[in-house]
Chemist: 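Below is a structure I'd like to ask you about.
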Amino acid sequence: MLILSLGVIWGTAFMGVSTALTGLTPWWVTAGRVGLAALILIPIGAAMGQGITQIKGARVWAFVGFIGVFSTALPFALLSWGLTQVPSAFAGVAMGSVPLLVLPLVALFSPDEGIGPRRIIGVGLGFAGLLVLMGPGAFGEGTLAGRLACVGAAACYAVGSVVTRRAPKIPPVAFAAGSMAIGAVVLVPLAYLLEGAPELTRPTALWALFYVALFPTGLAAIIRVRVITTAGSLFMSLTSYMVPLWAVLFGVTIMGEALPPQLFWALGLILFGIGISQSRSIAQQLRPRTRT
């Protein structure tokens, strides 16, 4: 149920950001999302005994700072701007490519984890899906720059995943709260510098921003911690299937987005690529374990 909940919550993020952008500028949507999430996570972490005071040492803060800037602030900014150019469903399908983008990075920076023929085939299929997704005519109302921004956000998440694996041992809620706080410290002044004081032109946009900060950003970080401790690596594989499917469903039914067949071909290739690359680990996780 936690994995399903996380897939649904992350799947609504793109719809929420798109709605927030109807009444707020992209940089303030990004800064507000991260800043509000930090305000939520910091007291929760302290109450759980995982406050940001648990992050000690320059090396540890360097990892937290890297994630805060390059895997929180940067991808959220790219995503907010990209969603001014493309439908929310497109961004959701692009995020489905994160596990496929992680695999070549793992081969380069964590060769001990291994990347065999099965994963190479899966990555190849997934990248074919990305080419279909990025190709001409994918969305008449979209732009190539917007598509690149969404895929760039996925690449930032992939890099962040690899860096997180190599980070020192840090209490997970403290890690999430610290990275959000650093992201907010970067984003809020930058938003003010680039766009001036925030101006709300539609009240529903503010409610959408609160939703995105509370659920897909803040609450999802806490659920992610719980899922990792109870389901292990299965978490990554199953949510990678769910997020783009929910994003497409919400984009069509709630946002009223007209999606061309090209998007569904891309979605199929990406999900098939994930399935092949992760099939062995999924089978191992689902195999019943016997006690001795």
Side-chain angles (χ1 to χ4, degrees), residues 2-3 6 9-10 13 30 33-35 37-79 95 97-115 119 152-187 216-240 243 277-278 281 285:
L2 287 174
I3 292 171
L6 193 57
I9 289 171
W10 274 345
T30 305
R33 174 184 183 179
V34 176
L39 292 176
I40 293 168
L41 287 174
I42 289 173
I44 289 176
M48 296 174 61
Q50 297 187 31
I52 57 176
T53 56
Q54 299 295 315
I55 305 173
K56 300 176 182 179
R59 181 171 179 269
V60 178
W61 272 109
F63 274 92
V64 175
F66 182 92
I67 296 300
V69 174
F70 294 101
S71 193
T72 301
L74 180 57
F76 284 1
L78 288 171
L79 189 60
M95 292 306 108
S97 66
V98 170
L100 300 168
L101 296 171
V102 165
L103 289 176
L105 293 172
V106 167
L108 289 173
F109 300 106
S110 297
D112 54 303
E113 296 187 41
I115 177 169
R119 289 187 169 183
C156 290
Y157 292 140
V159 172
S161 178
V162 174
V163 172
T164 300
R165 291 178 186 178
R166 301 182 68 87
K169 188 175 181 179
I170 308 170
V173 180
F175 200 156
S179 60
M180 291 292 172
I182 289 177
V185 168
V186 172
L187 286 169
T217 309
L219 180 60
I222 298 173
I223 295 178
R224 180 178 183 272
V225 173
R226 177 62 177 168
V227 171
I228 289 174
T229 60
T230 57
S233 60
L234 186 60
F235 152 81
M236 186 66 72
S237 301
L238 293 185
T239 53
S240 297
V243 169
S277 65
Q278 302 288 340
S281 61
Q285 290 281 345

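Note: hydrogens, waters and symmetry copies are ignored here, and every other heavy atom, side chains too, is used. None of the values given here were measured: they were computed from a predicted structure.
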Chemist: Between the side chain of Thr72 and the main-chain N/O of Val69, is any donor-acceptor distance below 3.5 Å?
Modeler: no
Chemist: Check Ala174 against Gly51 and note the closest heavy-atom contact, atom names and distance.
Modeler: CB-O, 3.4 Å
Chemist: Would you check, one step at a time, whether the test side-chain contact (heavy atoms from CB on, under 4.5 Å) holds for Phe63 with Ile55?
Modeler: CA-CA 10 Å; Phe63 274 92; Ile55 305 173; over 6 Å; no
Chemist: Write down the atom of Ile182, the atom of Gly65, and the distance for their closest heavy-atom approach.
Modeler: CD1-CA, 3.5 Å
Chemist: Could you tell me if the side chain of Ile67 sits less than 4.5 Å from the side chain of Phe175, heavy atoms only?
Modeler: yes
Chemist: Using modelled atom types and a 3.5 Å cut-off, is there a donor and acceptor pairing between side-chain atoms of Trp61 and backbone atoms of Lys56?
Modeler: no
Chemist: Please round to the nearest 0.5 Å and tell me the distance separating atom OH of Tyr157 and atom OG1 of Thr164.
Modeler: 12.5 Å
Chemist: Starting from the C-alpha separation in whole Å, work towards a yes-or-no answer on side-chain contact (heavy atoms from CB on, under 4.5 Å) for Val163 and Ser71.
Modeler: CA-CA 9 Å; Val163 172; Ser71 193; over 6 Å; no
Chemist: Can you tell me how far the CD1 atom of Ile52 sits from the CD1 atom of Ile170, to the nearest 0.5 Å?
Modeler: 12.5 Å
Chemist: What's the shortest heavy-atom distance between Arg59 and Pro168, and which atoms?
Modeler: NH1-CG, 3.1 Å
Chemist: Please give me the minimum heavy-atom distance between Leu74 and Cys156, naming the atom from each residue.
Modeler: CD2-SG, 3.7 Å
Chemist: List the atom of Met180, the atom of Ala37, and the distance in Å for their closest heavy-atom pair.
Modeler: SD-CB, 4.1 Å
Chemist: Checking side-chain contact (heavy atoms from CB on, under 4.5 Å) against Val34, which of Leu187, Thr217, Val186 comes through?
Modeler: Leu187
Chemist: Could you tell me which non-hydrogen atom of Gln54 sits nearest to which non-hydrogen atom of Gly49, and how far apart they are?
Modeler: CG-O, 3.9 Å
Chemist: Calculate, to the nearest 0.5 Å, the distance between atoms CG and OG1 belonging to Leu78 and Thr30 respectively.
Modeler: 9.0 Å
